[in-house]
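So that the names make sense, note that chain A is the first sequence line, chain B the second, and so on, each numbered from 1.
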Amino acid sequence: MTQESQQDTQSVLTPAVKAMIGVEGELIESWGTVDVEYLRRFTQAVMDPDPRYWDEDFAKTTHYGAIIVPPIMVSYMTGRIRPDAEDAITKAFEENPMSDGIGSVKRPGALPEIPTHLVRTLNAGNEIEIYQYPNIGDVIFFQNRYHDIRERVGRDGKAFLIITREITYTNQNKALLCITRQSSIRR
Amino acid sequence: MTTPLEELLKMTPAEIQARNERPTADQLRSKTQTYYEDVNVGDELPKYIYAPTPTHLFRWSAAIENFHRIHYDLDFGLNHDKNPSILVHGSWKQSVVPQYLKDFTLPKGWPWKAQFEHRAMLVPGDTLIVWATVTNKYEKGQMGFIEMDLGMKTQDGVESMPGNATVVLPLKGGPDIPYPFVAPKD
């Protein structure tokens, strides 16, 4: 159980931390386009056999008039490493033979670090808002933003932060596809 | 009629898996519209049952290019991260949610939004039950809004993803839900 930060607890929501709310990253174009092969692999892996994803003739008769794509699918395009970039996996294991497989890869469009001494990070939750299905051939743009930063106090009496990062996904026509938010606890 | 969640949780994993209501391609192709008036507070949505194996996890890692070893390297998971096994991806769980809401609202409704937390560690061998229960409904802008609690429980009743969602269904005799979807102003 947590509670709002009390005055006798040393606050970690400093003016410098508060100033990060609303800070945006660059608008980034994801590598590649939304294509039928990525769509096939994704929908098979999530185990969704919907013919709206693969039967073009049927898709033309639906409310959407064409093959549609799960909006959450394009959110994973943000992690793609450009082929002209250094091999991130090799680099991760060169730096640390016991790498977790991800290492310290810096992703394009990443937000600046929150200026806090708190280092331990836990996932606190996710949100998704959906506005339009992507289509085959779409180019996906995304932009990170610090949506909110709040302070809470744990049972141990120590203050911690809940940091919510928002990512907005748009297509080549600047149409809003979906918004995701991930909240993390920083202790 | 879906099996109530409470009853499912009294069953064996094999019995739970036999009550899977994930639709086939043909069922999704021919799905008829559920209208706002058809839904009542307290209704349970169909249960989607999953029994993930290490191969399912590997396929997901490959599909989204998530190379974290906790999802496919058992030695790393057990001995480095001290996990009970390789772990089901949070990203897979959160990708099932929009699918579940899409299927409920097809062919002309809209799976607007969802939020959820990741709590328990899920591992191969678990039987997972995706569930939702309608908690509220209201009309706005000639659209029908359905609010629900949802989650993904293990066969032991452990809730791994408590959350909620709002979907939009057409009213009987009402206009189509606008596409692209535009959220109503408060």
Side-chain angles (χ1 to χ4, degrees), chain A residues 37-55 58-59 61-65 68 70-73 75-81 88-89 92 98-103 105 122-133 171 175-183, chain B residues 22-29 31 48 50 56 58-73 76 80-81 90-103 106-118 161-163 165-166 176-177 179-183:
Chain A
E37 257 311 285
Y38 177 38
L39 176 59
R40 180 190 64 80
R41 281 185 279 116
F42 181 90
T43 54
Q44 288 180 337
V46 80
M47 293 176 266
D48 184 350
D50 197 330
R52 289 163 185 79
Y53 297 144
W54 52 266
D55 184 337
F58 171 68
T61 70
T62 68
H63 191 46
Y64 310 108
I68 58 169
I72 193 85
M73 183 184 108
S75 74
Y76 304 117
M77 291 171 70
T78 63
R80 289 180 175 177
I81 307 290
I89 293 178
M98 284 307 293
S99 169
D100 58 13
I102 293 179
V105 176
L122 301 166
N123 187 352
N126 293 78
E127 296 176 49
I128 182 167
E129 292 177 13
I130 302 170
Y131 294 95
Q132 184 172 338
Y133 289 119
N171 66 11
L176 175 63
L177 303 173
C178 67
I179 298 169
T180 62
R181 296 186 193 93
Q182 181 179 34
S183 296
Chain B
R22 282 160 47 199
T24 64
D26 282 345
Q27 288 168 332
L28 289 164
R29 194 188 295 271
K31 182 173 181 295
Y48 285 17
Y50 297 89
H56 287 101
F58 176 77
R59 180 170 64 175
W60 181 254
S61 285
I64 67 162
E65 300 182 64
N66 176 338
F67 303 116
H68 205 299
R69 295 169 72 187
I70 59 170
H71 301 301
Y72 58 84
D73 184 336
F76 182 86
H80 186 274
D81 274 27
S91 57
W92 175 77
K93 293 163 61 182
Q94 71 193 33
S95 299
V96 166
V97 172
Q99 170 193 355
Y100 186 62
L101 302 176
K102 165 189 69 77
D103 292 353
L106 282 175
K108 292 185 176 178
W110 192 248
W112 179 23
K113 61 181 179 179
Q115 60 177 13
F116 38 84
E117 297 176 11
H118 295 292
M161 194 177 61
T166 305
D176 283 351
I177 306 301
Y179 180 77
F181 179 67
V182 179

Using heavy-atom distances under 4.5 Å, tell me whether [X] contacts chain A through its side chain, its backbone, both, or neither.
X	result
B/P23	backbone
B/D73	neither
B/Y50	side chain
B/T24	backbone
B/H56	side chain

Would you say [X] and [Y] make side-chain contact, with heavy atoms under 4.5 Å?
X	Y	answer
A/T62	B/P107	no
A/I72	B/V97	no
A/D50	B/L106	yes

Just jot down the salt bridge (charged side-chain N to carboxylate O under 4.0 Å, His left out) partners of B/D103, sequence neighbours excluded, or say none. none
For B/R29, enumerate each residue passing the salt bridge (charged side-chain N to carboxylate O under 4.0 Å, His left out) test, keeping only those at least two apart in sequence or located in another chain.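 Per chain and number, B/R29 pairs via salt bridge (charged side-chain N to carboxylate O under 4.0 Å, His left out) with A/D55, B/D26.
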Give, as side chain, backbone, both or neither, the part of [X] having an atom under 4.5 angstrom from any heavy atom of chain B.
X	value
A/S75	neither
A/Y133	both
A/R80	side chain
A/L177	neither

Based on non-hydrogen pairs under 4.5 Å, which of [options] is most in contact with chain B?
options	answer
A/A175, A/S99, A/P71	A/S99
A/R40, A/M77, A/R52, A/Q44	A/R52
A/G79, A/A124, A/A88, A/P70	A/A124

Run the side-chain contact (heavy atoms from CB on, under 4.5 Å) test on A/M47 and B/W92 for me, step by step, so that the C-alpha distance in whole Å, both residues' side-chain angles and the decisive distance to 0.1 Å come before the verdict. CA-CA 10 Å; A/M47 293 176 266; B/W92 175 77; 3.9 Å; yes
Return the [atom1] to [atom2] distance between [X] and [Y], rounded to the nearest 0.5 Å.
X	Y	atom1	atom2	result
B/Q94	A/E127	CD	CD	11.5 Å
B/S95	A/I128	OG	CD1	8.0 Å
B/Y179	A/I68	OH	CD1	7.0 Å
B/Q115	A/E129	CD	CD	9.5 Å
B/Q99	A/D48	CD	CG	3.5 Å
B/K113	A/I130	NZ	CD1	12.0 Å

Of all heavy-atom pairs linking A/W54 and B/A25, the shortest is CZ2-CB, 4.1 Å
Under the criterion side-chain contact (heavy atoms from CB on, under 4.5 Å), I'd like the reasoning laid out for A/V46 against B/W60: C-alpha separation, chi angles, the key distance, then a yes or no. CA-CA 7 Å; A/V46 80; B/W60 181 254; 3.8 Å; yes
Option in B/F67, B/F116, B/W110, B/F76 with maximal non-hydrogen atom pairs under 4.5 Å from chain A: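 Winner by heavy-atom pair count: B/W110.
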In terms of heavy-atom pairs under 4.5 Å with chain A, the winner among B/Q27, B/M161, B/E65, B/K108 is B/K108
Fit a plane to each ring of A/Y131 and B/F181, take the angle between them on a 0 to 90° scale, and name the class: parallel (under 30°), tilted (30 to 60°) or perpendicular (over 60°).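 Geometry flag for B/F181 against A/Y131: parallel rings.
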Heavy atoms from other residues, nucleotides or ligands near NZ of B/K31 exceed 12 (cutoff 6.0 Å):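 Buried by this count: over 12 neighbours within 6.0 Å.
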